[in-house]
Number of protein chains: 2
Amino acid sequence: MTQSFFYIFVIMKNKPSLLTMNFSELFVPGLSVDCVIIGFEDHKLKILILKWNSDIDGWALPGGFVLKNEDLDKAAIRVLKERTGVELPFLEQFKTFGNLDRGKRNNALEKVKIDGITPEHIEWMNQRFISTGYVSLVDIKKCDPRPDILSEKIDWIALDELPNLILDHKHIVKKAISFIKNQINYLPIGITLLPERFTMKELQLLYESILEKKLDRGNFQRKMLKLDIFNRHEKHLEGGAHKAPYLYSFDHEKYNKLLEQGFSFNS
Amino acid sequence: MTQSFFYIFVIMKNKPSLLTMNFSELFVPGLSVDCVIIGFEDHKLKILILKWNSDIDGWALPGGFVLKNEDLDKAAIRVLKERTGVELPFLEQFKTFGNLDRGKRNNALEKVKIDGITPEHIEWMNQRFISTGYVSLVDIKKCDPRPDILSEKIDWIALDELPNLILDHKHIVKKAISFIKNQINYLPIGITLLPERFTMKELQLLYESILEKKLDRGNFQRKMLKLDIFNRHEKHLEGGAHKAPYLYSFDHEKYNKLLEQGFSFNS
DNA sequence: ACAAAAGTGTTTATAATACACCCATGA
DNA sequence: TCATGGGTGTATTATAAACACTTTTGT
C-alpha cells in the first residue's frame with residue numbers, strides 16, 4: 001500500500017497529469033509487489049530499503065502497484081528498474097503474502113501532504129493489500145539507487161543490521177533469504193551478485209553468507225572449479241603479503257549449458 | 001474467474017440470500033486461488049478437476065475467490081474443504097500467476113443461465129484475474145469429491161490423461177508438479193498421499209511417479225528405513241504368489257522430529 | 001518344484017570431509 | 001626470513017549405485 005508513493009513520484013516526473021487519475025482506473029486494486037533486492041558488499045549480504053521521511057516512521061522494501069494492463073512479473077521488473085536502474089539480472093517470484101494481519105492500517109498515511117495526493121488516493125492505499133514478493137540478486141556496484149519524494153534516503157543495509165521495517169516487510173525478507181538459501185544448490189548464484197572478476201575467496205564468502213556456515217577452503221575451491229563454468233585470468237590480484245589469488249569470471253556459455261542440464265552443488 | 005460458480009453454489013446451499021449481494025462487496029476483486037489437489041491411485045498420480053456442463057467446454061481446477069475478511073491461505077483451505085471434505089493434510093502455496101494473457105475473456109460465461117447469476121456477476125467475473133496456486137496432497141480414499149451446479153462431474157484424472165483445461169490451468173498443474181518434485185527430497189511426501197498402512201513397494205511407486213524415473217528397489221528400501229520414521233507391522237499383506245511384504249505406517253512423532261531437524265533424501 | 005516378488009547383503013564407484021603440504025608474496 | 005593466505009594433494013569416511021543372494025508364498 002505504501003509503495004505507491006514511489007510509483008507516483010515516477011509518474012510525476014514523466015506524466016504529471018496521471019496524478020489526477022483515480023488509482024482505481026490505473027492499478028489492479030488491492031495487489032502490490034515487493035522486491036527484496038540483495039547485494040553483496042564488505043563480505044555481507046545487504047538489501048536495498050527506503051527510509052521514509054520524518055512524518056512516517058520506519059523503512060520499507062521497494063515495491064509498487066500493478067498496472068491494469070501489465071503482467072505481474074513486469075510490475076516487479078519495473079520496480080527493480082526504477083529503484084536501481086538495473087534490468088533483469090536475477091528476479092524471481094518467491095511467495096505471495098495475503099494474511100489479513102499484514103495490512104494494519106497505517107495511520108501515518110493520513111499525515112502525508114504531497115501535491116496531487118488526494119484523500120481518495122489515501123483511501124485507496126488504505127484498502128487491504130495482498131503482495132507478491134520478488135527477490136533479486138544484483139551487483140551493488142552496478143546499481144544507482146534512487147531515493148524518492150517520500151523517502152529521505154535509499155540505502156544498502158546489511159541483513160544483520162536491519163532497522164524496523166513497516167508492515168510484514170521483515171517477514172518478507174526472511175522468506176526471501178530462505179528461498180535463496182534453498183536455491184543455492186541449484187544455481188551458481190554468484191553470477192549476478194559478484195563483479196565481473198572475483199576471487200574464489202570472495203565467492204566462498206558469498207556462499208558462507210547465504211548458507212550461514214563456514215565452508216572448507218580447499219574443498220570449496222575444488223568443487224567449484226570442477227563445475228567448469230569459470231575462466232581463470234592470468235593477471236593475479238595483488239595487495240596482500242601472501243601468494244596472489246587468481247581472478248575468475250563466469251564463462252556464460254558454459255554456465256548456461258550447465259543450467260540447462262541441471263546440476264546440484266551440495267555445500 | 002470461473003471458479004466463482006462453485007463458490008456460489010455453496011453459498012446458495014447455506015445462505016442463498018448472499019447471491020443477491022454484489023461480488024464487489026463480498027470478494028477481493030481480481031484475485032483468486034486455484035488448487036492442484038494431487039492423489040495417488042492405481043500407481044499413478046491423479047488430480048481432481050471439474051468438468052463443466054455442456055454449455056461451457058473444458059475442465060477446470062478447483063478454485064475460488066478470496067473473501068474480503070479472509071486470509072489468502074484460508075481461501076485455499078476453504079476450497080479444498082468444499083471440494084473434497086478434507087481438512088489440511090498438506091497444502092502449500094507454490095506460485096502466483098499474473099500474466100495478462102492467462103485470462104482471455106471467456107465468452108462461454110455469457111451463455112450461462114443460472115438463477116441468481118446476473119449480468120453484473122458475469123461482468124465481475126470477466127475482469128482480469130490474478131490467481132495464486134496451491135498444491136495439496138491427499139489420500140484419495142479419504143476424499144468425498146463434490147461436483148457443482150455448473151459442472152457435470154468432478155473426477156480424479158491421471159496426469160498423463162488430462163483433457164483440455166481452461167485458461168492457463170494446464171500450466172498451473174505443470175508448475176505444481178515441478179514444485180512437488182523439488183520438495184520431495186526434503187519432505188517424506190507419502191504421509192498424506194498414502195493410506196494409513198502401505199508397503200515399501202507402494203511408497204516406491206509413488207516416488208517413481210513424482211520423480212518420473214525408476215529407482216532401485218533394494219536401495220530405496222534401505223534408505224527409507226534408515227530415516228527411522230516408520231512402524232513395521234507384523235501382519236503382512238497377503239495375495240500374491242510370493243513372499244508377503246510388510247506393511248508400514250508413518251510414526252508421526254519421529255516424522256515430525258525429523259522434519260524439524262531437516263533432512264535430505266536424495267533419490 | 002517353481003515363479004515371483006520381498007528382504008537383505010556385497011561390491012564398487014563416487015563424493016564429502018578433514019587436514020596437510022608447499023608456494024608465492026610483501027613487509 | 002617469516003607470517004600470511006593461496007593452490008593443491010591425500011587419507012578417511014560416508015553415501016550412492018548396481019546387482020546378487022536368500023526367503024517366503026501360492027499355484
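Chain naming here is simple, since letters A, B, ... match the order of the sequence lines and numbering starts at 1 in each. The shown structure was predicted, so the numbers you read here are calculated from the model rather than taken from an experiment.
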Task: Per-nucleotide protein contact string for nucleotides 8-16 of chain D (B base, S sugar-phosphate only, - none; heavy atom under 4.0 Å) - done: BBB----SS
Open item on the list: Quick one: does any side-chain atom of A:K95 pair with a main-chain N or O of A:A176 as donor and acceptor, under 3.5 Å?
Closed with: no
Task: Results of side-chain hydrogen bond (donor to acceptor under 3.5 Å, both in side chains) for A:H43 - residues two or more places apart only - done: none
Open item on the list: Test of understanding: with side-chain hydrogen bond (donor to acceptor under 3.5 Å, both in side chains), list the residues that count as partners of B:S178, not counting sequence neighbours.
Closed with: none
Please name all residues satisfying salt bridge (charged side-chain N to carboxylate O under 4.0 Å, His left out) with [X], sequence neighbours left out, ordered by chain then number.
{"X": "A:K214", "result": "A:E208"}
{"X": "B:D42", "result": "B:K46"}
{"X": "B:E260", "result": "none"}
{"X": "B:K81", "result": "B:E87"}

- [ ] Take the C1' atoms of the five end pairs on each side of the helix from C:dA1-D:dT27 to C:dA27-D:dT1, get both axes, and report the angle to 10 degrees.
- [x] 10°
Task: Test applied, side chain to side chain contact (heavy atoms under 4.5 Å, CB included); reference residue, A:V173; option that passes from A:D168, A:L162, A:I38, A:I49 - done: A:L162
Write down the distance between [atom1] ([X]) and [atom2] ([N]), rounded to a whole number of angstrom.
{"X": "A:F220", "N": "C:dA15", "atom1": "CZ", "atom2": "C1'", "result": "17 Å"}
{"X": "A:K214", "N": "C:dT17", "atom1": "NZ", "atom2": "C1'", "result": "17 Å"}
{"X": "A:L203", "N": "D:dG5", "atom1": "CG", "atom2": "C1'", "result": "17 Å"}
{"X": "A:L205", "N": "D:dG5", "atom1": "CG", "atom2": "P", "result": "12 Å"}
{"X": "A:F198", "N": "D:dG6", "atom1": "CZ", "atom2": "P", "result": "15 Å"}
{"X": "B:L215", "N": "D:dA18", "atom1": "CG", "atom2": "P", "result": "11 Å"}

Please tabulate, for the side chains in residues 132-139 of chain B, all donor-acceptor contacts under 3.5 angstrom to protein atoms that are two or more places apart in sequence or on a different chain.
{"unit_1": "B:T132", "atom_1": "OG1", "unit_2": "B:T96", "atom_2": "OG1", "d": "3.1"}
{"unit_1": "B:Y134", "atom_1": "OH", "unit_2": "B:D73", "atom_2": "OD1", "d": "2.5"}
{"unit_1": "B:S136", "atom_1": "OG", "unit_2": "B:F90", "atom_2": "O", "d": "2.9"}
{"unit_1": "B:D139", "atom_1": "OD1", "unit_2": "B:K141", "atom_2": "N", "d": "3.1"}

Task: Partners meeting side-chain contact (heavy atoms from CB on, under 4.5 Å) with B:K257 (sequence neighbours left out) - done: none
Open item on the list: According to side-chain contact (heavy atoms from CB on, under 4.5 Å), who are the partners of A:D71, at least two apart in sequence or on a separate chain?
Closed with: A:K74, B:N99, B:L100
Each nucleotide N or O in nucleotides 22-24 of chain D that has a protein N or O under 3.5 Å away: list the pair and distance.
{"unit_1": "D:dT24", "atom_1": "O2", "unit_2": "B:K243", "atom_2": "N", "d": "2.6"}

